[in-house]
Trainee: 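Pasting in a structure now, in structure tokens, and then I'll have a few things to ask.
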2 protein chains.
Amino acid sequence: MTVHPKVSPASDPTKSDHVVPRARVPEDRVVPEATVARLAVYLRVLGEVAATGSETVSSEDLASAAGVNSAKLRKDLSYIGSNGTRGVGYEVSRLMRQIERVLGLTQRHAVAVVGVGNLGHALAGYSGFSGRGFPLCALFDVDPDLVGIRVNGIVVEHTDRIGEVCAQRGVTIGVIATPGAAAQSVCDQLVAAGVRSILNFAPVVLQVPEQVEVRKVDLAVEMQILSFHVARRHGEFAARNGSAVPARAVGPR
Amino acid sequence: MTVHPKVSPASDPTKSDHVVPRARVPEDRVVPEATVARLAVYLRVLGEVAATGSETVSSEDLASAAGVNSAKLRKDLSYIGSNGTRGVGYEVSRLMRQIERVLGLTQRHAVAVVGVGNLGHALAGYSGFSGRGFPLCALFDVDPDLVGIRVNGIVVEHTDRIGEVCAQRGVTIGVIATPGAAAQSVCDQLVAAGVRSILNFAPVVLQVPEQVEVRKVDLAVEMQILSFHVARRHGEFAARNGSAVPARAVGPR
DNA sequence: ACCTGTGAAGATTTTCACAGCA
DNA sequence: TGCTGTGAAAATCTTCACAGGT
């Protein structure tokens, strides 16, 4: 079941020296997963800052615009070897380039979307896709009525041709927007075609080889998490006095 | 000079005492945030198990279907005071009810979707919405061509009426599917209307009072995270000893 | 024999707080 | 003075490993 690559409980928790020499790539720093997710957010916020004409930002301002605290932001940026200037802040354009480089946005990633229903359509039309280094290169569906039509300039192919078309067009990222029942099979085909990164919108837990990175976006899960918090809010107070909603500390603006 | 347009973000000065109130269940048990997200997944998988006719599952089987390891699953379930039977496993229907109760799915949560573009349409048509205890009760848009039309049985209202309509229909969860530029303003209106849970699809970091729970779904961020992993695979470990691929297993979230 | 529930260890992430530089 | 970069502490989350019930 669980694969156990390493067994030895490792060594002394003296983190100061990275004992295991990683490959000799320039800027080889370990970027925590949690940090990666936030870097993308910082990048967008930096874009907004740049649009205002500011050439520098402080960690404080950037953090508050990104909704995190400034210590976290500084630590995140320190992982990517960034340097701002003490007493001044970060140079916006330089920092943007740095984050883009770390996120691999200096290369383009050809994207295929499988499933051209409501959601697939919306995705295909999403400008942030092609606009931001993720050119949409292929669309697939099983529905004969959809195969052959053109969406956002791309002709919809039959899912049977996933392997062939993805290989041909160098697809590196696959987006699954099919019904749940079809998702695993589609996923298998993408993986067979060499796709190693998948964004899954189908309400299914995909089983993939470990080298494949899957990100899941699940509306039902998000709604249920919100539901939990709604219930919690009511539960904490309602038990005692039966009132619907606890007094609000913040009124309408 | 400062970037933040609005009031306090979900984190800031006032946040010195940042101890997020832990999630509580009537029994005074604490459910970690990370666990809450997985409970929703377990619930779906349990549904699939139930469909096969099994009346019990082991932590091992359930975990593998949910893509997590069994120790984690058992610990998660222990937080909700669940009990399976040693030597046997968990009773499927009982466990489902328990999770539903903890997630607050025993009550209905009226949902409003703001923004009836491509994505909003897709969301409005999403069956898992109304089907699963989240009745879609209101739709809003600014576009005069959309206001008044009926989508999935719901008449689209103008966003000016968010406050009025949400209050009237008892909306507790708001979904923002507008362009980024409109999102903050829409959010403010939802909050003013008493909505305390928001699912945000707009590529913006919303600034909200701290009692409001915001979940963000951000396609660009997801793509960029995948991009990072693509780049890492190709870059760093390329020529390390010939053995297995160094990529570490990364579970969903 | 099998499988849950959980204390404790380990790993990761967040926050604090301050040294040090422009 | 103002703000970054970062050790170190704290908090959170994951995994181990086994006691204990069936």
Side-chain angles (χ1 to χ4, degrees), chain A residues 1-17 29-39 42 56-64 66-92 94-95 98, chain B residues 1-2 10-13 15-23 29-39 42 56-64 66-92 94-95 98 248-253:
Chain A
M1 301 9 192
T2 315
V3 185
H4 253 279
K6 67 141 201 189
V7 170
S8 56
S11 44
D12 201 82
T14 320
K15 60 177 71 172
S16 45
D17 59 345
R29 232 169 267 254
V30 173
V31 183
E33 198 53 36
T35 292
V36 172
R38 284 188 299 262
L39 287 176
Y42 302 155
T56 61
V57 258
S58 67
S59 62
E60 197 62 60
D61 288 350
L62 189 52
S64 104
V68 304
N69 85 25
S70 66
K72 177 152 45 180
L73 179 135
R74 288 199 301 279
K75 180 136 291 203
D76 283 342
L77 295 184
S78 81
Y79 289 124
I80 63 171
S82 158
N83 53 57
T85 308
R86 291 170 198 237
V88 179
Y90 300 92
E91 189 195 330
V92 175
R94 184 181 176 296
L95 186 51
Q98 175 69 347
Chain B
M1 212 252 129
T2 325
S11 61
D12 221 355
K15 171 175 198 181
S16 49
D17 184 339
H18 163 58
V19 185
V20 175
R22 281 312 222 111
R29 220 178 285 266
V30 172
V31 183
E33 202 48 43
T35 292
V36 173
R38 285 188 298 263
L39 287 175
Y42 302 155
T56 61
V57 257
S58 66
S59 62
E60 195 63 60
D61 289 350
L62 188 51
S64 103
V68 303
N69 86 25
S70 66
K72 176 151 46 179
L73 179 134
R74 287 198 302 278
K75 182 137 289 208
D76 283 341
L77 295 184
S78 81
Y79 289 124
I80 63 171
S82 158
N83 52 58
T85 308
R86 294 173 196 231
V88 179
Y90 299 92
E91 189 195 328
V92 175
R94 185 182 176 295
L95 185 52
Q98 174 69 348
R248 51 198 185 77
V250 174
R253 267 213 210 173

Trainee: B/E60 CD to D/dT15 P: how many Å, rounded?
Mentor: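 For the pair B/E60 CD and D/dT15 P, the rounded distance is 13 Å.
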Trainee: Return the 5'-most residue of the pair A/P32, A/R74 with respect to DNA chain C, ranking by each residue's nearest nucleotide.
Mentor: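 Of the two residues, A/P32 wins.
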Trainee: B/K72 has an atom NZ; how far is it from atom P of C/dC3, in whole Å?
Mentor: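 Between P of C/dC3 and NZ of B/K72: 21 Å.
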Trainee: If you only use heavy atoms from C-beta on, which nucleotide in C/dT6, C/dC16, D/dT4 is closest to the side chain of A/S59?
Mentor: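 The closest nucleotide is D/dT4.
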Trainee: Give the rounded distance in Å between these two atoms: CG of B/L73 and C1' of D/dC16.
Mentor: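 So the two atoms are 16 Å apart, to the nearest Å.
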Trainee: Establish, with yes or no, whether the OP1 or OP2 oxygen of C/dT4 is under 4.0 angstrom from a side-chain nitrogen or oxygen of B/T85.
Mentor: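 False: B/T85 side-chain N/O out of range (4.0 Å or more) of C/dT4 OP1/OP2.
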Trainee: Taking the minimum atom-to-atom distance to the side chain of A/A71, which one of C/dC16, C/dT4, D/dA17 wins?
Mentor: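 It is C/dC16.
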Trainee: Are B/R38 and D/dT14 close enough that a side-chain N or O sits under 4.0 Å from OP1 or OP2?
Mentor: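 Affirmative; the distance criterion is met.
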Trainee: Whole angstrom is fine here: how far is it from CG in B/N83 over to P in D/dT22?
Mentor: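 Atom-to-atom, B/N83 to D/dT22, this comes out as 10 Å.
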Trainee: Would the distance check show the side chain of A/Q98 and the main-chain N or O of A/I80 forming a donor-acceptor pair, the cut-off being under 3.5 Å?
Mentor: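 Present.
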Trainee: Please identify each residue that fulfils side chain to side chain contact (heavy atoms under 4.5 Å, CB included) with A/T85, with sequence neighbours left out.
Mentor: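 A/T85 satisfies side chain to side chain contact (heavy atoms under 4.5 Å, CB included) with A/V88 once adjacent residues are dropped.
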Trainee: Please compare A/K75 and A/G84 by the position of their nearest nucleotide in DNA chain D and report the one closer to 5'.
Mentor: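 Closest to the 5' end, via its nearest nucleotide, is A/G84.
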Trainee: Whole angstrom is fine here: how far is it from CG in B/D76 over to P in D/dT14?
Mentor: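 Going from B/D76 (CG) to D/dT14 (P), I get 7 Å.
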Trainee: Taking the side chain as every heavy atom from C-beta outward, state whether A/L73 and A/Y42 have any pair of such atoms under 4.5 Å apart.
Mentor: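 Yes - at least one pair of side-chain heavy atoms lies under 4.5 Å apart.
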Trainee: Tell me: OH of B/Y79 to C1' of C/dT6, nearest whole Å?
Mentor: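 Atom-to-atom, B/Y79 to C/dT6, this comes out as 10 Å.
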Trainee: How would you list, by chain and number, every residue that makes a salt bridge (Lys or Arg N to Asp or Glu O under 4.0 Å) with A/R38, sequence neighbours excluded?
Mentor: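 Only A/D76 meet the salt bridge (Lys or Arg N to Asp or Glu O under 4.0 Å) criterion with A/R38.
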Trainee: So what does A/S82 touch, heavy atoms closer than 4.0 Å: a base, only the sugar-phosphate, or nothing?
Mentor: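 Sugar-phosphate: the residue A/S82, judged by heavy atoms under 4.0 Å, touches backbone atoms but no base.
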Trainee: Between C1' on D/dC16 and CG on B/N69, what's the gap in Å once rounded to a whole number?
Mentor: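 Between C1' of D/dC16 and CG of B/N69: 10 Å.
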Trainee: In whole angstroms, how far is the P atom of D/dG20 from the CZ atom of B/R86?
Mentor: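 The distance from CZ of B/R86 to P of D/dG20 comes to 9 Å, rounded to the nearest Å.
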Trainee: Can you tell if the side chain of B/R94 reaches within under 4.5 Å of the side chain of B/T56, non-hydrogen atoms only?
Mentor: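 Sidechains of B/T56 and B/R94: no contact.
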